[in-house]
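For reference, the structure is listed below as structure tokens.
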Amino acid sequence: MNPVLRRGIPVCAAAALALTLAGCASPSGQLASTGSNAPEIIAGASLPGEPLTDREIDYYLDKIESNLTEERTGRAPEPTSFERIRAFAEADDGKAFYMINLVRENETPQYPSWWQGERAETVMDAKKLYSAACAPKMAAAGSYSMFGVTLARDAVLTDDNDMEPWDQFYLISYPNRKAFLEMLASDEYADAVIHKYAGDKDTQLIPVSAGTLAAQKTFEEGTPLTQEQVDEYMALYQANLTVERTGHETDPATVERIRTFLETDDGKPFLMINLVREWDGPTYPSWWTGERADSVLKAKMLYSAACSPIMAGAGSYSTLGVMTAYDAVVTDDDSLEPWDQFYLIAYPSREAFMKLLVSDEYADAIVHKYAGDKDTQLIPVTYAQFSNPYAAA
């Protein structure tokens with residue numbers, strides 16, 4: 001499937017360009033424009049901090065559907081694409097949010113055969129053309145890329161063992177959902193998104209609640225793990241995490257993913273994406289005779305209380321705390337079950353990651369994580385410092 005909105009929502013992925021979104025399509029009908037780079041004004045529109053009105057949602061969705069046609073963009077839309085966006089708009093709480101962007105790239109630019117406009121010679125050039133069209137709309141809405149573009153590696157933990165690795169990850173800060181819709185509804189976006197499609201094979205966008213940035217640490221590059229160290233860590237990991245101790249059988253594919261991650265160590269710090277789905281209530285093994293939490297939150301707190309000192313001792317930390325995840329607004333996977341939580345962990349090294357996984361504290365406490373979390377996906381990405389271009393100097 002190639003739905004127009006599942007592979008091309010505003011992600012402006014040129015590495016040197018921060019993404020900020022505000023709409024400025026031409027005025028028509030009930031609309032008036034305050035300037036070439038100003039958001040469109042809709043009669044009876046919501047005020048800052050207020051949820052979108054029904055009238056706004058209908059206007060934006062109508063404009064998006066009329067703009068993003070196969071004839072204009074080279075991709076045929078599907079109804080479910082627009083349904084996802086409408087559902088996100090209708091659940092608006094007026095608050096700021098972050099958008100997870102996971103991207104897989106084409107090896108070379110892929111334009112429709114009929115395309116007569118400019119053609120980029122490289123994927124990066126295609127994405128730059130797209131970004132150049134998005135850039136004039138950035139600062140007006142106060143949206144921005146929180147740390148530019150990071151390179152994604154193969155997941156070290158996932159229930160989908162056939163999942164194709166992502167190439168890039170970035171996190172975009174939006175002041176509200178209106179800013180997101182204004183970009184999608186703009187003519188400039190519709191005219192430029194063909195370059196994004198040429199560069200990116202597919203994109204997954206997952207909105208999450210805005211988190212509070214923790215004080216950042218400065219990590220120095222270290223020495224990669226030796227093969228002997230890798231073997232020692234993996235042996236200890238497998239010896240500790242037995243089904244008798246954890247209530248959960250270790251997946252051989254997970255063992256191989258972790259081993260590969262360690263064997264490709266570059267000695268550098270990294271960020272770990274954590275996407276979590278929770279149980280409705282704590283789910284412990286029937287034979288478990290230890291402490292049982294009476295809620296999912298308490299189960300996860302028991303796990304966190306045991307692991308936090310290990311992580312802190314290794315220099316790792318949670319960059320943004322725990323954020324609530326919403327249903328994806330862009331995905332190629334119709335069956336994708338919504339995630340419940342997202343957090344981003346900074347690790348000074350891959351060895352720091354393994355020091356947690358092989359500790360007795362982790363092995364003894366992970367039964368509580370399994371009791372609270374139905375499944376988890378961990379995706380390592382290159383380390384990057386957060387930045388806010390609108391922060392006071």
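For Ile379 against Arg153, the heavy-atom pair with the smallest separation is CG2-O, 3.6 Å. The shortest heavy-atom contact between Ser295 and Pro282 is C-CG, 3.3 Å. Taking every heavy atom of both residues into account, Pro112 and Gly74 meet most closely at CG-CA, 3.9 Å. Between Pro269 and Phe219, the shortest heavy-atom contact is CB-CD1, 3.6 Å. Of all the heavy atoms in Ile194 and Thr73, the pair that sits closest is CG1-O, 3.5 Å. Minimum heavy-atom separation, Ser209 to Tyr326: N-CE1, 3.7 Å.
Salt bridge status for Arg277 with Asp340: absent, with no side-chain N to carboxylate O gap under 4.0 Å. Ion pairing between a basic and an acidic side chain is recognised when a charged N comes within 4.0 Å of a carboxylate O; Lys178 and Glu182 show no such pairing. Residues Glu263 and Arg350 are not paired through a salt bridge, judged by the lack of any N-O separation under 4.0 Å between the basic side chain and the carboxylate. Here Asp280 does not pair with Lys374 in a salt bridge; the nearest charged N to carboxylate O distance is not below 4.0 Å. Ion pairing between Arg104 and Asp200 fails under the 4.0 Å rule for side-chain N and carboxylate O.
Asp251 is linked by a side chain to side chain contact (heavy atoms under 4.5 Å, CB included) to Asn161, Ala253, Thr254, counting only residues two or more places apart in sequence or in another chain. Annotation: ring-ring contact (aromatic ring centres under 6.0 Å, His included) contacts of Tyr343 (sequence neighbours excluded): none. The side chain to side chain donor-acceptor pair (under 3.5 Å) search around Asp93 returns none, not counting sequence neighbours. For Tyr233, the side chain to side chain donor-acceptor pair (under 3.5 Å) criterion is met by Glu351, not counting sequence neighbours. Residues passing the side chain to side chain donor-acceptor pair (under 3.5 Å) test with Glu65, sequence neighbours excluded: none. Take Phe147 and apply the ring-ring contact (aromatic ring centres under 6.0 Å, His included) test, not counting sequence neighbours, and it matches Phe169, Phe386. The side chain to side chain donor-acceptor pair (under 3.5 Å) check on Lys268 picks up nothing, with sequence neighbours excluded. For Val156, the side chain to side chain contact (heavy atoms under 4.5 Å, CB included) partners at least two apart in sequence or on another chain are Ile258, Phe261, Met272, Phe353, Leu378, Pro380. Partners of Arg292 under the salt bridge (Lys or Arg N to Asp or Glu O under 4.0 Å) rule, at least two apart in sequence or in another chain, do not exist in this structure.
Judged by distance alone, with hydrogens and angles left aside, the side-chain atoms of Tyr60 form no donor-acceptor pair with the main-chain N or O of Arg86 at under 3.5 Å. When atom types are taken as modelled, the side chain of Asn106 and the backbone of Ala198 share a donor-acceptor pair closer than 3.5 angstrom. When atom types are taken as modelled, the side chain of Asn67 and the backbone of Ala185 share a donor-acceptor pair closer than 3.5 angstrom. Thr331 contributes no side-chain N or O that, together with a main-chain N or O of Ala328, makes up a donor-acceptor pair within less than 3.5 Å. Glu278 contributes no side-chain N or O that, together with a main-chain N or O of Val276, makes up a donor-acceptor pair within less than 3.5 Å. The backbone N or O of Leu344 lies less than 3.5 Å from a partner atom in the side chain of Thr319, making a donor-acceptor pair. In this structure a side-chain-to-backbone donor-acceptor pair under 3.5 Å is present from Ser66 to Lys63. Remark: side-chain polar atoms of Thr283 are paired, donor with acceptor, to backbone N or O of Gly281 under 3.5 angstrom. Side-chain N or O atoms of Asn101 include none that pairs as donor or acceptor with a backbone N or O of Leu171 at under 3.5 Å. Panel note: side chain Ser316, backbone Ile345; no donor-acceptor pair is recorded below 3.5 Å.
Note that the CD atom of Glu232 and the CE atom of Met354 stand 11.5 Å from one another [nearest 0.5 Å]. Put simply, CZ on Arg257 and CG on Asp154 are 5.0 Å apart, with the number rounded to the nearest 0.5 Å. For the atom pair NE2 (His195) and CG (Leu129), the distance works out to 4.5 Å, reported to the nearest 0.5 Å. Rounded to the nearest 0.5 Å, atoms CD (Glu50) and NZ (Lys95) are 14.0 Å apart. Once rounded to the nearest 0.5 Å, the distance linking CG of Asp332 with OG1 of Thr203 reads 8.0 Å. For the atom pair Glu244 CD and Thr242 OG1, the distance stands at 4.5 Å (nearest 0.5 Å).
By the 4.5 Å heavy-atom criterion applied to side chains, Leu181 and Ile64 are counted as neighbours. In this structure the side chain of Leu262 reaches within 4.5 angstrom of the side chain of Met234, judged on heavy atoms.
One side chain, Ser335 or Asp333, offers a donor N or O that lies under 3.5 Å from an acceptor on the other.
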Exercise for review: Just do the side-chain hydrogen bond (donor to acceptor under 3.5 Å, both in side chains) check on Glu56 and Ser46 with the steps written out, would you?
Suggested key: CA-CA 8 Å; Glu56 287 176 301; Ser46 58; 2.9 Å; yes
Point to revise | Steps toward ring-ring contact (aromatic ring centres under 6.0 Å, His included) verdict (Phe180, Tyr174) | key: CA-CA 7 Å; Phe180 179 68; Tyr174 289 87; 5.5 Å; yes
Practice item. Give the C-alpha distance, both sets of side-chain angles, the deciding distance and a yes or no for ring-ring contact (aromatic ring centres under 6.0 Å, His included) between Tyr98 and Tyr170. Key: CA-CA 10 Å; Tyr98 301 149; Tyr170 26 108; over 10 Å; no
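Here salt bridge (Lys or Arg N to Asp or Glu O under 4.0 Å) pairs that include residues 216-231, with residues two or more places apart or in two chains, are Asp231-Arg259. Pairs passing the side chain to side chain donor-acceptor pair (under 3.5 Å) check and including a residue from residues 303-313, sequence neighbours excluded, read Ser304-Ser308.
The number of heavy atoms from other shown groups lying within 6.0 Å of CD (Glu121) does not exceed 12.
Val123 shares a hydrophobic cluster with no other residue; no ILVMFWY side chain has heavy atoms under 4.5 Å from its own.
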